[in-house]
Number of protein chains: 2
Amino acid sequence: MNNEGNKVTINDVAKAAGVSKGTVDRVLHNRGEVSRKSKEKVLKVIEELGFRPNLYASLLASQKERLIQCVIPEFQPGEFWSLTEKGLQDAAQLVSRYGIRIETVKYDQYSVESFRNACSKVMDNPPSGVLVAPMYGEETLKFVGRLSEAGVPYMFLDSKIDDDGYLAYFGMPMYQSGYLCADILTGGRDVPEKVYVVRIARDKMGLSDPTAARRAGFMDFMKGHYPDVQIDNVFIDPKDKAAIYTKLDQTVGAEKGKRFVVMFNSRIHLVADYLTDRGIHDCRVVGFDCLEKNIEALRSGTVQALVAQHTDRQAVEAVNSMADYLLMGKSVAKRDNFIQMDILNMYNCDYYL
Amino acid sequence: MNNEGNKVTINDVAKAAGVSKGTVDRVLHNRGEVSRKSKEKVLKVIEELGFRPNLYASLLASQKERLIQCVIPEFQPGEFWSLTEKGLQDAAQLVSRYGIRIETVKYDQYSVESFRNACSKVMDNPPSGVLVAPMYGEETLKFVGRLSEAGVPYMFLDSKIDDDGYLAYFGMPMYQSGYLCADILTGGRDVPEKVYVVRIARDKMGLSDPTAARRAGFMDFMKGHYPDVQIDNVFIDPKDKAAIYTKLDQTVGAEKGKRFVVMFNSRIHLVADYLTDRGIHDCRVVGFDCLEKNIEALRSGTVQALVAQHTDRQAVEAVNSMADYLLMGKSVAKRDNFIQMDILNMYNCDYYL
DNA sequence: CGATTTCCCGTGCCCGTTCACGGGTATTTG
DNA sequence: CAAATACCCGTGAACGGGCACGGGAAATCG
């Protein structure tokens, strides 16, 4: 019906419905000024003829600019979120020719205040669509509430909040990533009696740890497969560089022989630096995320494996489906999109980007 | 210059160059009838103003259908090439709105004759562009020669032939994939004194083995890291199902204790079936490619890891860049595109597709 | 030198939608 | 009953590029 040489134009519809194309257009974008009778007739004809507006003509004629705003945490070059930013930029280029502009609004992930400000900034001048990487549940709920009121569609990136107005979610299965990581760390090897779980992160007061699910997956795997292994948690505040070394000296560095080390956020390179400096080579080290510094640690052999996700691709997909939605009202195929988990080691990391 | 609100139209260019838009258009699609002087002037102005034709206007005006033909081996559902086919279908949907149609022409990879036929079929009605997954070097050279003559641009998929007229190549780094595979098979484990390299493939007379480079990478790794390990080659013709079992009984099945098994093509699931049937559970098995049957073997634990590539994504990228080329004469960024190598195990395979 | 050919180039319509504008009825108001 | 007000609806000019057509100027020919 609407396949192949679909030559049905708005004029055909108009003629068949006994009205003018202006009226058909008004019906299509239901912007009123049409009698109930005409509207029904037009709708029926559209259905019968299988009319689908020509995308090109439509976009050519309505040169309106659309804006997608993306709310993500701020970052230093090379940090985790920079890959997301890169994806957003790539996507921006792709959709720019559809008259869609991408803007990122950044916030300090350690400050609710800052997140709140970012949200207000978005609301000041409501865009056509919003992508948000949420850290603060409560605040995010308020934010998306206001978006809904304003009729602005939104999607979640990376993390998801318990809400049901969102159009789509793009992220990683966190629990499974922890499980996978545990398998890579141990798989088929003689496992030492002690495994160090290092956490170098600022305490976000009152904020749930985004890697908590990952940790849970890891723990469950260990409990199931190696119940006797002792797991040492090493918690370090990253403010003080020296503190990291001191703390690692007391734990990982204090022991001899085969040890396993794992981290759940993206900062495994800090541990790698430590191990290199101290000349420790008998640790099996596994971490997360494809930062440049982590890759270097892979290449040098200090870190054996990384579990990574193409957060850039994730961002691209999110922007694309938002664009599809805005441009042609096409709602997304899957609401929750889990991106693939990649295992990187020194032999395949060079082909990753 | 050409970023943001790029409002430069063909009329602006015409005015600035002191010609009419007709002339600019002729230059753009270099269809002649333009004096050398005008042409240069126009080209210069285009560069200076950063003019990029409006895709919509262009497509709206020239409603011509373009056809991209893809020559790939035929396959049974679930086999290696089915993923490529899927990618082609996905891509077809994406570019259909630009008036581009995708058609696949399949050939029997064990018959030169069949390949030759496929090529003639393409030449009978030359398309706007061609993607080809070549198996026969000589024949492919003849084919692309004829394509060049006809002015039809072409790209290579999966394998590359020694030729220099191709627009782009999308594939996997074969040698490195073998290296990676060896690392996964052995990495950090006690390695048995014997490793079985199984090859279940029809002999393509006179045809070079596409997995040869992979084998070489594997061997080099082993030579470098485990020079004392004996590597047994097990070559089986797949015609006879029983032959597979017989041969495996004589080799892999004949031994007791920890053994390693590896295959370089996509048929590791055949070995998995054998091992399951015989109740053998102490083999470490690593193979290639994300077939449904291979994934099942991963899930059941018979195969421990797969090295895979997103051949679907590879196909999508190839089609996209061909489309970009055809639509806007944009030549591809990278000529040789190596796709990432993925490591799959039972914990991440469910998130792969 | 006039006639013909070649080489270039400008003009104008077309593609299918969007949307501002203005006009024509039916209804209400003074 | 004329005038004002709703309420609907048709018209036509964009939007930016593709391309057929035809015509003017220069070069070639007889």
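Every chain is numbered from 1, with letters handed out A, B, ... down the list of sequences. All values derive from a computational prediction rather than experimental measurement.
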Undergrad: Could you tell me how far apart B:K15 (NZ) and D:dG17 (P) are, to the nearest whole angstrom?
TA: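 The answer, rounded to whole Å, is 13 Å.
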Undergrad: Nearest nucleotide by nearest heavy atom, which residue falls closer to the 5' end of DNA chain D, A:K21 or A:K39?
TA: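 Closer to the 5' end of DNA chain D: A:K39.
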Undergrad: Figure out the CD/P separation between A:E33 and C:dC21, and round it to whole Å.
TA: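 Roughly 13 Å, once rounded to whole Å.
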Undergrad: Whether A:S35 contacts D:dC9 is assessed here as follows: a side-chain N or O lying under 4.0 Å from the phosphate OP1 or OP2. Is that the case?
TA: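 Answer is yes, contact under 4.0 Å.
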Undergrad: Looking only at side-chain atoms of A:R31, point me to the closest of C:dC19, D:dG17, C:dC9.
TA: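 Among the listed nucleotides, the one closest to the side chain of A:R31 is C:dC19.
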Undergrad: Check A:E103, A:R101, A:Q69 against A:P127 for a side-chain contact (heavy atoms from CB on, under 4.5 Å) and give me the one that passes.
TA: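 Testing A:P127 for a side-chain contact (heavy atoms from CB on, under 4.5 Å) against A:E103, A:R101, A:Q69 leaves exactly one candidate, A:Q69.
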Undergrad: Just say parallel, tilted or perpendicular for the rings of B:F115 and B:Y136, cut-offs at 30° and 60°.
TA: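 B:F115 vs B:Y136 ring planes: tilted.
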Undergrad: Rounded to whole Å, please give me the gap between NZ in B:K37 and P in D:dA26.
TA: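 Distance, rounded to whole Å: 11 Å.
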Undergrad: Rounded to the nearest angstrom, tell me the gap between atom CG in A:D25 and atom P in C:dA20.
TA: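 The distance from CG of A:D25 to P of C:dA20 comes to 10 Å, rounded to the nearest Å.
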Undergrad: Categorize B:V24 for me: base, sugar-phosphate, or nothing, with a 4.0 angstrom heavy-atom threshold over every strand shown.
TA: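 No contact.
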Undergrad: According to a strict under-4.0 Å criterion, is B:R26 in side-chain N/O contact with OP1 or OP2 of C:dC9?
TA: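 So the side-chain polar atoms of B:R26 never come under 4.0 Å of the phosphate oxygens OP1 or OP2 of C:dC9.
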Undergrad: OP1 or OP2 of C:dG10 sitting under 4.0 Å from any side-chain N/O of B:S20?
TA: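 So the side-chain polar atoms of B:S20 do come within 4.0 Å of the phosphate oxygens OP1 or OP2 of C:dG10, strictly under.
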Undergrad: Whole angstrom is fine here: how far is it from CG in A:L59 over to P in D:dC15?
TA: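 Distance, rounded to whole Å: 16 Å.
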Undergrad: What's the shortest heavy-atom distance between A:A118 and A:V71, and which atoms?
TA: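 In this case the closest contact between A:A118 and A:V71 is CB-CG1, 4.2 Å.
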Undergrad: Hey, does the side chain of A:T23 come within less than 4.0 Å of D:dG10's phosphate (OP1/OP2), counting only N and O?
TA: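 Answer yes for this pair, as a side-chain N or O of A:T23 is under 4.0 Å from OP1 or OP2.
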Undergrad: Once you measure the plane-to-plane angle for A:F156 and A:Y166, does it fall in the parallel (<30°), tilted (30-60°) or perpendicular (>60°) bin?
TA: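 It falls in the tilted class, 30° to 60°.
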Undergrad: Closest to the B:A61 side chain: C:dG16, C:dC9, D:dG18?
TA: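 Among C:dG16, C:dC9, D:dG18, the one nearest the side chain of B:A61 is D:dG18.
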Undergrad: Which nucleotide wins on minimum distance to the side chain of B:F51, given the candidates C:dG16, C:dT18, D:dG17?
TA: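 Out of C:dG16, C:dT18, D:dG17, the nucleotide with an atom closest to B:F51's side chain is D:dG17.
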Undergrad: Below 4.0 angstrom, N of the basic side chain to O of the carboxylate: do B:R31 and B:D25 qualify?
TA: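 Answer for the salt bridge query: yes.
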Undergrad: Which nucleotide wins on minimum distance to the side chain of B:V19, given the candidates D:dG18, C:dG10, D:dC9?
TA: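 The nucleotide sitting nearest to the side chain is C:dG10.
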Undergrad: Give the rounded distance in Å between these two atoms: CG of B:L49 and P of D:dG16.
TA: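 Distance, rounded to whole Å: 14 Å.
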Undergrad: Rounded to whole Å, how long is the line connecting atom OH of B:Y56 with atom C1' of C:dT18?
TA: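 B:Y56 atom OH is separated from C:dT18 atom C1' by 15 Å.
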Undergrad: Kindly say if A:S58 contacts the phosphate of C:dT18, meaning a side-chain N or O under 4.0 Å from OP1 or OP2.
TA: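 Indeed, a polar side-chain atom of A:S58 lies that close.
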Undergrad: Between D:dC9, D:dG18, C:dT18, which nucleotide has the shortest distance from any of its atoms to the side chain of A:H29?
TA: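 Given the options D:dC9, D:dG18, C:dT18, the side chain of A:H29 is closest to C:dT18.
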